[in-house]
Amino acid sequence: MPWKGENDPYKIWLSEIILQQTRVEQGWAYYERFIRTYPNIHLLANAKENEVFKLWEGLGYYNRCRNLLFTAKYIVKALNGIFPNNYEDLLKLKGVGPYTAAAIASFAYNLPHAVVDGNVFRVFARYYGIHLPTDTKEGLVIFNKIASENLAFKKAGIYNQALMDFGATVCKPMSPLCGSCVMQNTCAAFAQNTVGQLPIKLKVIQKKKRYFDYFLFKLNGKLWIQKRGQGDIWAGLYQFYLVENDKIVTADNAYYQQVLNNQLMIDLKEVKITKESKIYQQQLTHQLLTFRFFTIELKKMPKAFEKGAWVSAKNLQKFAFPKTINSFLNELND
DNA sequence: AAAGCGGGGAT
DNA sequence: ATCCCAGCTTT
């Protein structure tokens, strides 16, 4: 892996935050851009939030980005720029949980803390034939215990990395390479032919369907955008005026009347509705989103748009948007 | 303890 | 389609 031998806690922290629930192949280019843009924690701490989000754009789980910036500021201001150097203090950082604290502690300081991530659950579940679910408290306690017992105390950093490498390249979720695995002789799951069933997860996520109609309000060549708040998907990203419905609504005059006139006090005679886009869909882990985009050309400033910002088409690219909004914008420009 | 949070790649 | 990814925070 590219970061082997790295012991700068800032770089390790940054890479671990980026790689939470994210494949190395997907996250690595982001890591390199972050390091190039913010080579040290002071530069990151002093960065503008919108710039950091723009750099994170497309990577998902945007609260990681928010916490990243918060923690950088915290370390610079409250800790004089000195990175915490032990597990307990690392764990106190926003966005740093048990896995990331163990990773930083062992990679940067070679402290004896075992990482427990998706790879580790899988390797140990199979090797020891553990059928306890990994996503229950009981299972978590057992897997943490096993991980600690197996840890090479004096070589924690390299051991942790080797274990995860093994999980990522040999003991893979699908089509593991049991045939060439050096652990085959002593692997419980291999002996019992249960490799394909392990590890066991209980949670079944059911997808919620949501319908987003975005209205692009245009005035004097500028578009109205708004920052999404906390408590929903895409917190901290920008969007256009959003109307969410629980089903597809026919885009007729009555709908425009309701949205533009009833909600926003805009006279329908004062606007030109130029486009209703095709339907876009986006699959999240827990939601299925359906989008439509409408472009509304205004003649005067509606009162409802005092909050938010009017930006030129050119300046749109300075703001971070959800993937589908960017897809729509890119197709507009084609 | 359970739910919520993105986007991409492999199967 | 389904699974899962070098998980964490909030409720």
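Order of the sequence lines fixes the chain letters, A, B, ..., with proteins taken first and strands second; residue numbering starts at 1 for each chain. Bear in mind the structure is a predicted one, so any value in this text is a computation, not a measurement.
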(Q) Nearest whole Å is fine: how far is B:dG6 C1' from A:Q282 CD? (A) 7 Å
Q: Rounded off to whole Å, could you give me the CH2-to-P distance for the A:W56 and B:dC5 pair?
A: 17 Å
Q: Mind checking A:N119 for me? I need base, sugar-phosphate or nothing, with any heavy atom below 4.0 Å counting as a touch.
A: base
Q.
Using a distance-only criterion (donor-acceptor N/O pair, under 3.5 Å, no hydrogens), is the base of C:dG7 paired with the side chain of A:T22?
A. no
Q: Return the value, rounded to whole Å, for the distance between atom CD of A:Q20 and atom C1' of B:dG6.
A: 13 Å
Q: Let me see the working for A:K145 and A:E149 under salt bridge (charged side-chain N to carboxylate O under 4.0 Å, His left out), right down to the final yes or no.
A: CA-CA 6 Å; A:K145 185 166 179 287; A:E149 288 169 354; 2.9 Å; yes
Q) Does the ring of A:Y280 carry A:K278 above it, NZ/CZ under 6.0 angstrom from centre and within 45° of its axis? A) yes
(Q) Does A:T136 reach a base, just sugar-phosphate, or nothing at all? Heavy atoms under 4.0 Å. (A) nothing
Using a cut-off of under 3.5 Å, enumerate the N/O to N/O pairs linking the protein to nucleotides 9-11 of chain B.
none

Q) Does the side chain of A:N86 come under 3.5 Å of the side chain of A:Y109 through a donor N or O and an acceptor N or O? A) no
Q.
Between A:P173 and A:R64, which residue's closest nucleotide on DNA chain C lies nearer the 5′ terminus?
A. A:P173
Q) Given atom OH of A:Y30 and atom P of B:dG7, what is their separation to the nearest angstrom? A) 9 Å
Q: Look at all strands and tell whether A:G58 reaches a base, only sugar-phosphate, or nothing, counting heavy atoms closer than 4.0 Å.
A: sugar-phosphate
Q) How is A:D135 classified with respect to the nucleic acid when contacts are heavy atoms under 4.0 Å: base, sugar-phosphate, or nothing? A) nothing
Q: Return the nearest nucleotide to the side chain of A:D117; candidates are C:dC8, B:dG7, C:dG7.
A: C:dG7
Q. Could you state the CG-C1' distance from A:L59 to C:dC5, rounded to the nearest angstrom?
A. 12 Å
Q.
Using a 4.0 Å heavy-atom cut-off, does A:R122 contact any base of the nucleic acid, only the sugar-phosphate backbone, or nothing at all?
A. sugar-phosphate
(Q) Heavy atoms from C-beta onward define the side chain here; which of B:dC5, B:dG7, C:dT9 lies closest to that of A:W234? (A) B:dG7
Q.
Can a side-chain donor-acceptor contact be found between A:Q239 and A:Y214 if the only test is distance below 3.5 angstrom?
A. yes
Q: Remember a base hit wins even if backbone is also touched, and classify A:V96 as base, sugar-phosphate or nothing at under 4.0 Å, heavy atoms.
A: sugar-phosphate
**Q.** Cation-pi geometry met for A:R33 and A:Y30 (6.0 Å, 45°)
**A.** yes
Q. Got a donor-acceptor pair under 3.5 Å from the side chain of A:Y99 to the base of C:dG7?
A. no
Q.
Determine whether a donor-acceptor pair (one donor, one acceptor, N or O, separation below 3.5 Å) exists between the side chain of A:T285 and the base of B:dG7.
A. yes
Q. What class does the angle between the rings of A:F321 and A:F240 fall in, given that below 30° is parallel, 30 to 60° is tilted and above 60° is perpendicular?
A. parallel
Q: Say whether A:Y99 and A:E16, considering side chains only, have a donor N or O and an acceptor N or O under 3.5 Å apart.
A: yes
